[in-house]
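Reviewing the structure listed below.
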2 protein chains.
Amino acid sequence: MKVTIKDIAAVAGVSHSTVSRALNDSPQISPATKDKIKDIARTMNFEFNAGARSLSGRKTGNIAVVYQAKYDQFGSSLYVSQLFIELRHFLERMDMDVILLEGYHPDTGASNISRLLRQQKVDGFLIVHNLITKRDYESIRRSGLPVVQLHMPPIYCNKEELDYFFTDHFMGGRIATDYLIRQGCKKILTVPTTDFDSEEFKLRTQGYKQALEDNNIPFKEELVVAIDSTYLKGYYLFNSIPEILANVDGIFFQTDIQAFGFLTAARERGIRIPEDLKVIGYDDAPICESTNPQLTTVHQPRKKLAELACDRIIDLINKRNNESRIQEVLFPHIVVRETS
Amino acid sequence: MKVTIKDIAAVAGVSHSTVSRALNDSPQISPATKDKIKDIARTMNFEFNAGARSLSGRKTGNIAVVYQAKYDQFGSSLYVSQLFIELRHFLERMDMDVILLEGYHPDTGASNISRLLRQQKVDGFLIVHNLITKRDYESIRRSGLPVVQLHMPPIYCNKEELDYFFTDHFMGGRIATDYLIRQGCKKILTVPTTDFDSEEFKLRTQGYKQALEDNNIPFKEELVVAIDSTYLKGYYLFNSIPEILANVDGIFFQTDIQAFGFLTAARERGIRIPEDLKVIGYDDAPICESTNPQLTTVHQPRKKLAELACDRIIDLINKRNNESRIQEVLFPHIVVRETS
DNA sequence: TTGTAAGCGTTATCAG
DNA sequence: CTGATAACGCTTACAA
């Protein structure tokens, strides 16, 4: 039923090792036989048996994408889920399958990374998760498998030891704030999220501070108000901090969904945006174009990020340019729409 | 470095086959040695080598989840992505890894199902996709691997041949409409999506018709208006069909996100909901609680669905109760909130 | 109840 | 350039 290299060998009248070499493009096979064998393989609908291949020391054809499930589909996880679509997209093009999982078993807390390593199920790790243990990074390193860290720096591992592709969250916060200042805002509120595990929001807030300083605007602690990354919390911001909002002329929301909720509430109250108050979001989620007015936001180059990460991990798997780490921090940029 | 059953055998002072049997819970091994071996395996941090295991005819430990990527994160794919979280959740508890992929290669259109089959990379298929070819279903059947169809019936395969777990979309449309009628609505608009590939919306519309008929309300073609499953299309419904909306006292949106957009527009126009107009959505997405007023909607039992499907595929993989198909259609139910 | 040995499909080493 | 052959780690008759 299943066709193996031996079946092909029989048809081609050669040994199975010749078939293996031919299909793996070994230089020691003559072009003629190579072509013949490849033809036969194609017509017989041959695919390498994944188990056998991995057993005899070659690739599994699988990449683990390790992420952190957050159950709010509308918060930061929205960005991650979009990023994931891009990742799978590139990997599929390279004929890699994706094993998607969380870092730790939901019940036992056992490390999925260490399990996959011992099972030898994958050829590399793409990590979109900042809370992987030092121990796990070390296990991966000992195994010799490649890791690429994505989106955010790890907390329990020195990032210099890794290949990584991040977006510059500090710069994101800075350009967002600077943009509002250049639009004439003087009293700017920033709204990070209450997801305190994520370094990214701290960085955006630092960028916010930096922009204020650059423009000689004194920083005020009370103008940093963290709320959950949900529509509803954005919506009810007027209820939770009315005095602050009354004295503000610009808001930098650190996720789009918060801004979305806020915009709805603002319109109900007749607040004119951007005339009375300018608003900028973060992520450039598809939802931005849906708001009314359409949301000005900070775009994170998720597609580029995914592409770089996939190219890199494939290179590492194939031992190309693997003597040194590649570490890139991409700049976000502002997408000007109607709220600013 | 990697620990194998031979290493364990050496420590335990038995043969590697005894170790294999013990760890696989073979009845022919004495409880004493079994315990001893399991202990050693645990302390040595042993895991079966996935490649070797699959080669020698046993399980890969992988399940393919085949879905259809839709790039609008806020439409029907939202429901699917939530369903996927539930699926992975259950499978992870059973120590299965998930290979998530689309049915067909984005560039070549080659079947991923047929590839996985030939590569022998997975133990079973969970299909959340209605456009898989007949040919692929046949390949799976020939391979002897289990398939469970989820959420929606396949278009190119007779569903009676499969194990499946669906929600009853017809009934969903019917109860939604019937509920509006019992709230006093007489002229009810329904808004399916323009995703014409998906049978589910046709079924919901049929359910809508049935409810009208049950209540002796004449069906009118013009009261079925398909729009994209986006916030914005919902929002602009007033612009696209003003006359129709003026003469309607209830709306059954077939996805929540459409209703969400509509509600925003309605409030801007001072339309009182539910007093002037009652609205019901579909899916019970997290966003429902975020709308103002909160959206009454049809809840699809996604968690239950995921659980049933995972249990079933595990049973099938282990050849339990596999003589006949299990086919279940779950009923959705209404979650009453504030728009009705 | 346990051990021995063959075999799964592939790659790699060594001859020729 | 090609063919035998061993090896990868595991399961499973078959023997004991």
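Numbers restart at 1 for each chain; the letters A, B, ... are given by sequence-line order, proteins then strands. Since this is a predicted model, take the numbers as computed values, not measurements.
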Expressed in angstrom and rounded to an integer, what is the separation of [X] atom [atom1] from [N] atom [atom2]?
| X | N | atom1 | atom2 | value |
| --- | --- | --- | --- | --- |
| A:Leu23 | C:dA12 | CG | P | 14 Å |
| B:Lys2 | D:dC8 | NZ | C1' | 14 Å |
| B:Lys6 | C:dT4 | NZ | P | 12 Å |
| A:Asp25 | D:dC1 | CG | C1' | 15 Å |
| A:Lys36 | D:dT2 | NZ | C1' | 12 Å |
| B:Lys121 | C:dT10 | NZ | P | 14 Å |
| B:Ile8 | D:dT11 | CD1 | P | 11 Å |
| B:Gln119 | C:dC8 | CD | C1' | 17 Å |

Subject >> Qualifying residue, where the test is side-chain contact (heavy atoms from CB on, under 4.5 Å) with A:Ile37 and the options are A:Thr18, A:Ile5, A:Val11 >> reply: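 Testing each of A:Thr18, A:Ile5, A:Val11 against A:Ile37, the sole residue satisfying side-chain contact (heavy atoms from CB on, under 4.5 Å) is A:Thr18.
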
Using a 4.0 Å heavy-atom cut-off, does [X] contact any base of the nucleic acid, only the sugar-phosphate backbone, or nothing at all?
| X | answer |
| --- | --- |
| A:Ser20 | base |
| A:Ile29 | sugar-phosphate |
| B:Thr33 | sugar-phosphate |

Under 3.5 Å donor-acceptor pair, [X] side-chain atoms to [N] base atoms:
| X | N | answer |
| --- | --- | --- |
| A:Ser30 | D:dT2 | no |
| A:Arg21 | C:dT13 | yes |
| A:Ser56 | C:dA12 | no |
| B:His16 | D:dT11 | yes |

- Indicate whether any N or O donor in one side chain lies under 3.5 Å from an N or O acceptor in the other, for A:Thr133 and A:Asp136.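 There is such a pair (donor and acceptor under 3.5 Å, judged by atom type) between the side chains of A:Thr133 and A:Asp136.
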
Practice prompt. Mark yes or no for whether B:Lys34, through its side chain, and B:Val19, through its backbone, hold a donor-acceptor pair below 3.5 Å.
Written response: no

So A:Leu305 and A:Phe166, do their side chains get closer than 4.5 Å, heavy atoms only?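 No, side chains not in contact.
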
TODO: Using a cut-off of strictly less than 4.0 Å, decide whether B:Arg53 has a side-chain nitrogen or oxygen near OP1 or OP2 of D:dT11.
DONE: yes

**Message:** Is there a side-chain contact between B:Asn49 and the phosphate of D:dC8, meaning an N or O under 4.0 Å from OP1 or OP2?
**Reply:**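 For D:dC8, neither OP1 nor OP2 has a side-chain N or O of B:Asn49 closer than 4.0 Å.
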
- Any chance you could lay out the side-chain hydrogen bond (donor to acceptor under 3.5 Å, both in side chains) test for B:Ser111 and B:Arg115, step after step, and finish with the verdict? CA-CA 6 Å; B:Ser111 165; B:Arg115 178 178 57 81; over 6 Å; no

Both B:Gln28 and B:Phe48 contact DNA chain D. Which one's nearest nucleotide lies toward the 5' end?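 Result of the comparison: B:Phe48.
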
Regarding the side chain of A:Ser15, the nearest nucleotide among D:dC10, D:dA4, C:dT2 is D:dA4

Item checked: Given C:dT4, D:dT5, D:dC10, the nucleotide with the shortest approach to the side chain of B:Ser17 ->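 Closest nucleotide among those given: C:dT4.
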
